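As structure tokens, the structure follows; a few thoughts come after it.
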Amino acid sequence: ITFYELSFILRGTMTYYVNNKKVTLNKGDILFLSPGLTRKRLKIQNCEYISYNYYTTDKTVDSFDLPMHILNGLSPEILMILRAGDEIHFHNPYELELLEPILKCLLQCILNKCKMEQVSEIVKSIKQYVIDHINEQITLEQISKSLFFSTVYCSSLFKKEMGISIIDYCLNEKIKL
């Protein structure tokens, strides 16, 4: 593609192939594609979505560093902005420049949501400890002692942010290795 694509899945499921990699989007997901990627949208059934395909020379829009697939990215704020964009487009279908502020607002909201979902420094430290000691036997006590936090705190925070226990994470990393 030679343009940016920003798609929001409102209902149902949609499948893309992006650079020959299958990407399945479900209700609430967001897809952000940059120029230069190859993409193929498969047949759409029972899916409601909104797509913004755009070009830009605006460096503030061009500099958004978003992940390609944002799981459950639709928030009430983003839905409200999408509705406003629909209203503007419905009443002014040939004045696309009116949608530019809507697009910037959508991109900023998505970027803010992605930043909020990043993991804490403690979880980053736990992940780094696992990487540094992957060939050793790793215990919760060793990890918590190295970070100067209790095992209960480290364990519960990691589980909350990563959705997996520290031990399961260690096992997964060892299996990958």
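Treat the numbers as computed from the prediction; the structure is a model and nothing was measured. In what follows, every heavy atom counts, from backbone to side chain, and hydrogens, waters and symmetry copies are set aside.
In this structure Glu87 satisfies the salt bridge (charged side-chain N to carboxylate O under 4.0 Å, His left out) test with no other residue, sequence neighbours excluded. Listed by chain and residue number, Glu173 satisfy the salt bridge (charged side-chain N to carboxylate O under 4.0 Å, His left out) test with Lys176 (two or more places apart in sequence, or in another chain). Not a single salt bridge (charged side-chain N to carboxylate O under 4.0 Å, His left out) links Glu97 to another residue, sequence neighbours left out.
Linking Ile, Leu, Val, Met, Phe, Trp and Tyr whenever their side-chain heavy atoms come within less than 4.5 Å leaves Leu177 and Ile131 in two separate clusters. Under the 4.5 Å side-chain contact rule for hydrophobic residues, Ile166 and Ile175 do not share a cluster. Under the 4.5 Å side-chain heavy-atom criterion for ILVMFWY residues, a single connected hydrophobic cluster contains both Ile164 and Leu157.
The structure places CE of Met80 at 8.5 Å from OG of Ser75, a figure rounded to the nearest 0.5 Å. One distance of note links CG of Leu140 with OG of Ser155; it measures 5.5 Å at 0.5 Å rounding. Atoms CG and CG, from Leu6 and Leu107 in turn, are 5.5 Å apart once rounded to the nearest 0.5 Å. Ile126 CD1 to Ile138 CD1: the interatomic distance, rounded to the nearest 0.5 Å, is 11.5 Å. The structure places NE2 of His69 at 6.5 Å from CG of Asn26, a figure rounded to the nearest 0.5 Å. Note: Met68 CE to Leu33 CG = 7.0 Å, rounded to the nearest 0.5 Å.
Of all heavy-atom pairs spanning Ile134 and Cys170, the tightest one is CD1-O, 4.4 Å. Residues Glu5 and Ser51 come closest through the heavy atom pair OE2-OG, 3.9 Å. The two atoms that bring Ser146 and Tyr129 nearest to each other are OG-CD1, 3.5 Å, heavy atoms only. In plain terms, the two heavy atoms of Leu147 and Cys154 that are nearest each other are CD1-SG, 4.3 Å. When every heavy atom of Ile81 is checked against every heavy atom of Cys105, the shortest pair comes out as CD1-SG, 3.5 Å.
Counting heavy atoms from C-beta outward, Leu99 and Ile88 have side chains that approach closer than 4.5 Å. Between Ile110 and Phe32 there is no side-chain heavy-atom pair separated by less than 4.5 Å. Looking at heavy atoms from C-beta onward, Gln142 lies in side-chain contact with Thr139 at the 4.5 angstrom threshold. Side-chain atoms of Val130 and Lys127, non-hydrogen and from C-beta on, never get closer than 4.5 Å to each other.
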Trace of the side chain to side chain contact (heavy atoms under 4.5 Å, CB included) decision for Leu25 with Tyr49: CA-CA 10 Å; Leu25 304 166; Tyr49 68 99; over 6 Å; no

Audit row: Leu71, Ile30, side chain to side chain contact (heavy atoms under 4.5 Å, CB included) steps and yes/no: CA-CA 7 Å; Leu71 297 168; Ile30 300 172; over 6 Å; no

Test side chain to side chain contact (heavy atoms under 4.5 Å, CB included) applied to Leu111 and Gln108, step by step: CA-CA 5 Å; Leu111 185 64; Gln108 190 62 56; 4.0 Å; yes

Intermediate values then yes/no, side chain to side chain contact (heavy atoms under 4.5 Å, CB included), Arg11 and Cys47: CA-CA 5 Å; Arg11 182 178 54 82; Cys47 183; over 6 Å; no

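Side chain of Glu136 to backbone of His133: no donor-acceptor contact under 3.5 angstrom is found. Side-chain N or O atoms of Asn19 include none that pairs as donor or acceptor with a backbone N or O of Leu37 at under 3.5 Å.
A ring pair (Phe, Tyr, Trp, His ring centres under 6.0 Å) check over residues 147-177, counting only residues at least two apart or in different chains, returns the pairs Phe149-Tyr153, Phe158-Tyr169. Sorted by first then second residue, the ring pair (Phe, Tyr, Trp, His ring centres under 6.0 Å) pairs that include residues 76-95, not counting sequence neighbours, number zero.
Among the candidates Asp29, Ile9, Leu82, the single residue satisfying the side chain to side chain contact (heavy atoms under 4.5 Å, CB included) test with Leu74 is Leu82.
Heavy atoms of other residues, nucleotides or ligands lying less than 6.0 angstrom from CD of Gln137 number 12 at most. With a 6.0 Å radius and a threshold of 12 heavy atoms from other residues, nucleotides or ligands, Lys174 has its NZ atom above the threshold.
Using modelled atom types and a 3.5 Å distance limit, the side chains of Tyr16 and Arg41 yield a donor-acceptor pair. No side-chain N or O of Ser144 forms a donor-acceptor pair with one of Thr151 less than 3.5 Å apart.
Alongside Leu42, the hydrophobic cluster contains Tyr17 (criterion: ILVMFWY side chains under 4.5 Å).
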